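The shown structure was predicted, so the numbers you read here are calculated from the model rather than taken from an experiment. Just so it is clear: chains get the letters A, B, ... in the order the sequence lines come, proteins before strands, and each one is counted from 1.
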2 protein chains.
Amino acid sequence: MAVEPDRDMDAHVRRLWRHRGATLPTPRRGPRQQLDLDEILRAGIAIADAEGLAAVSTRVVAARFGKTGMALYPYVGTKENLLALMQDHASAMPAWEDPVTGLTDGLHAWAVALFEVYLAHPWLTERPWSQATQGPNEQDWLERLLRILHRWDVPPGARPSVVTMLYATVRATAGTAAAYQRMNQQGIAEWRGQAEATMTQIPDLRQRYPLSTGLEPVTPHWQDNPRVALTNSVQLLASALGRTAG
Amino acid sequence: MAVEPDRDMDAHVRRLWRHRGATLPTPRRGPRQQLDLDEILRAGIAIADAEGLAAVSTRVVAARFGKTGMALYPYVGTKENLLALMQDHASAMPAWEDPVTGLTDGLHAWAVALFEVYLAHPWLTERPWSQATQGPNEQDWLERLLRILHRWDVPPGARPSVVTMLYATVRATAGTAAAYQRMNQQGIAEWRGQAEATMTQIPDLRQRYPLSTGLEPVTPHWQDNPRVALTNSVQLLASALGRTAG
DNA sequence: AGAAAACACTATGCAGTGCAAGGAGTAAAA
DNA sequence: TTTTACTCCTTGCACTGCATAGTGTTTTCT
């Protein structure tokens with residue numbers, strides 16, 4: 001009945017915040033550690049970037065250091081923790097100047113910056129996101145967004161909605177952008193879309209779904225579609241806030 | 001160099017649209033099939049609902065029919081196809097009356113209906129979503145949404161953005177709602193949040209992140225948070241459209 | 001100084017995965 | 001009647017996360 005303070009969770013949180021004042025759960029006895037958490041995460045991220053999240057296994061990551069899979073456990077705890085640490089590590093927020101021209105530009109700069117991070121690490125879209133389980137880097141993004149909303153006097157009641165919608169939209173558009181670049185690098189020629197296959201299997205698809213099959217892409221260059229969709233969405237959202245805030 | 005018509009893809013599409021005019025790739029020779037695709041999908045969905053998507057394996061699903069894992073392959077092709085079929089099967093659109101009171105109510109009814117489906121099958125949030133790989137049930141949702149936008153004269157240029165944001169927001173809020181009900185049924189008492197652990201590890205978190213740690217929940221009953229967040233988001237979005245459309 | 005505890009890393013092994021390959025039996029087509 | 005295509009089974013492979021036990025190393029306690 002002792003109040004056990006969930007040491008695994010504490011260790012995980014301390015690893016997440018290791019560069020922000022938390023002390024790493026470093027061993028006090030036993031042999032020196034031969035690996036480094038940051039290098040482990042860099043290796044894992046490199047693998048995920050190149051071959052997808054599914055290619056990240058304890059054994060593969062450890063092999064980059066000539067070690068066995070079990071050697072990672074003192075550093076990361078569990079596989080799930082490893083992925084969470086990779087997620088936050090890859091989410092480091094770049095520096096940019098906050099536009100002074102208005103709310104729309106401010107939100108747009110934020111959204112595009114986050115979009116770029118997701119494009120650089122497409123597997124981030126496969127990871128869950130919530131405000132309750134964040135590391136410092138992810139927290140930076142949220143704080144920055146709220147600062148923009150505060151700066152432009154978005155009423156507090158509207159902020160949670162904006163946060164939810166913006167994050168969700170960035171993640172969604174980045175996800176389809178990542179899918180695009182995936183099929184780009186595997187050769188468009190041999191790629192036959194499921195959409196096309198559906199058109200031939202269901203010849204009257206256009207009649208049955210006139211509106212959804214008639215949707216026109218937002219830009220002629222379909223590669224840019226997700227980015228443009230994000231820009232338009234931000235504008236729409238900002239216009240709603242302009243109305244509320246005005 | 002023959003133009004091979006990608007038979008696996010065709011078979012998959014025909015299975016997806018099997019109840020909408022497509023002919024199932026049914027065998028013409030050999031022993032009678034002892035299983036039924038719809039029953040397989042129902043079994044898989046039941047497992048995913050009860051134990052999560054990770055618990056769905058070919059062997060476990062097949063065991064429900066006293067068969068081995070390999071027995072599923074004539075019916076679904078691959079594991080990934082099985083999951084895609086489950087996804088569409090679980091996305092069947094319920095019937096509801098389209099509100100005649102305005103765009104906001106129309107969008108809200110749509111969003112809540114989709115939200116409920118996601119709550120009934122929380123693993124849907126773990127599945128990728130894109131307009132390019134949809135089955136009939138998912139297509140129904142999109143068409144319905146576009147009909148609402150058409151009905152209330154939302155300008156065509158704004159529609160793709162609304163579609164993206166609404167889907168993304170529903171999926172995001174449903175995802176956190178699913179997380180809530182997960183920790184509800186595993187007992188709140190023993191559940192110690194990572195957020196709490198962070199607060200104790202980083203005592204000055206509130207000073208460092210005044211805005212994000214000061215975010216107030218949108219409703220006193222935190223259980224209802226996602227639903228209310230969704231409602232607010234829809235309202236915000238509709239207000240933007242009201243301005244554009246007006 | 002010496003004993004004991006706590007640690008890093010390895011080796012082994014378990015239970016599980018998707019699925020390729022091959023075989024036995026069955027039904028329809030040639 | 002023979003051939004072909006099919007269903008379902010068995011076997012087996014390569015892979016996963018990780019529990020367990022063992023070896024050697026470093027620090028702490030006596």
Item to check | Atom-to-atom span, CZ of Arg32(B) to P of dT7(D) - whole angstrom | outcome: 12 Å
Next on the checklist: Nearest whole Å is fine: how far is dT17(C) C1' from Leu72(B) CG?
Outcome noted: 14 Å
Checklist entry - Atom CG of Leu82(B) to atom P of dT17(C): distance rounded to whole Å? => result 13 Å
Next on the checklist: Mind checking if Val76(A) touches a base, just sugar-phosphate, or nothing, with heavy atoms under 4.0 Å?
Outcome noted: nothing
Checklist entry - For the residue pair Trp141(B) and Tyr167(B), is the inter-centroid distance of their aromatic rings smaller than 6.0 Å? => result no
Next on the checklist: What contact category does Thr68(B) fall into here, base, sugar-phosphate, or nothing, at under 4.0 angstrom with non-hydrogen atoms?
Outcome noted: base
Item to check | Sugar-phosphate only, base, or nothing, as touched by Arg59(A) at under 4.0 Å among non-hydrogen atoms | outcome: base
Next on the checklist: Looking at Arg14(A) and Thr23(A), would you say the former's side chain and the latter's main chain have a donor-acceptor pair under 3.5 Å?
Outcome noted: yes
Item to check | Whole-Å gap separating P (dT26(C)) and CD (Gln34(B)) | outcome: 11 Å
Checklist outcome for this item: Of Gly30(B) and Gly69(B), the one whose closest nucleotide on DNA chain D sits nearer the 5' end is Gly30(B)
Next on the checklist: If you only use heavy atoms from C-beta on, which nucleotide in dA8(C), dG17(D), dC9(C) is closest to the side chain of Lys67(A)?
Outcome noted: dC9(C)
Checklist outcome for this item: Test side-chain hydrogen bond (donor to acceptor under 3.5 Å, both in side chains), reference Asn137(A), set Gln87(A), His19(A), Arg20(A), His89(A), output is Arg20(A)
Next on the checklist: In whole Å, I'd like the distance from the CG atom of Leu37(B) to the C1' atom of dT7(D).
Outcome noted: 15 Å
Checklist outcome for this item: In whole angstroms, the gap separating P of dT7(D) from CD1 of Ile40(B) amounts to 11 Å
Next on the checklist: At 4.0 Å (heavy atoms only), tell me whether Tyr75(B) reaches a base, stays on the sugar-phosphate, or touches nothing.
Outcome noted: sugar-phosphate
Next on the checklist: Determine whether a donor-acceptor pair (one donor, one acceptor, N or O, separation below 3.5 Å) exists between the side chain of Arg29(A) and the base of dT28(D).
Outcome noted: no
Checklist entry - To the nearest angstrom, how far is Arg7(A) atom CZ from dC7(C) atom C1'? => result 13 Å
Next on the checklist: If you assign Pro74(A) and Ala54(B) each to the DNA chain C nucleotide with the nearest heavy atom, which residue ends up on the more 5' nucleotide?
Outcome noted: Pro74(A)
Checklist entry - Is the side chain of Asp204(B) donor-acceptor paired with the backbone N or O of Gln207(B) at a distance under 3.5 Å, no angle test? => result no
Checklist entry - How close do Ala197(A) and Asp10(B) get, heavy atom to heavy atom, and via which atoms? => result CB-OD1, 3.9 Å
Item to check | Asn81(A) CG - dC18(D) C1' separation (whole Å) | outcome: 13 Å
Next on the checklist: Please determine whether a side-chain nitrogen or oxygen atom of Gln33(A) lies at a distance below 4.0 Å from atom OP1 or OP2 of dA8(C).
Outcome noted: yes
Next on the checklist: By nearest atom, which of the nucleotides dT7(D), dG18(C), dT10(D) is closest to the Pro31(B) side chain?
Outcome noted: dT7(D)
Item to check | side-chain N/O Tyr73(B) vs dC8(D) OP1/OP2, d < 4.0 Å | outcome: no
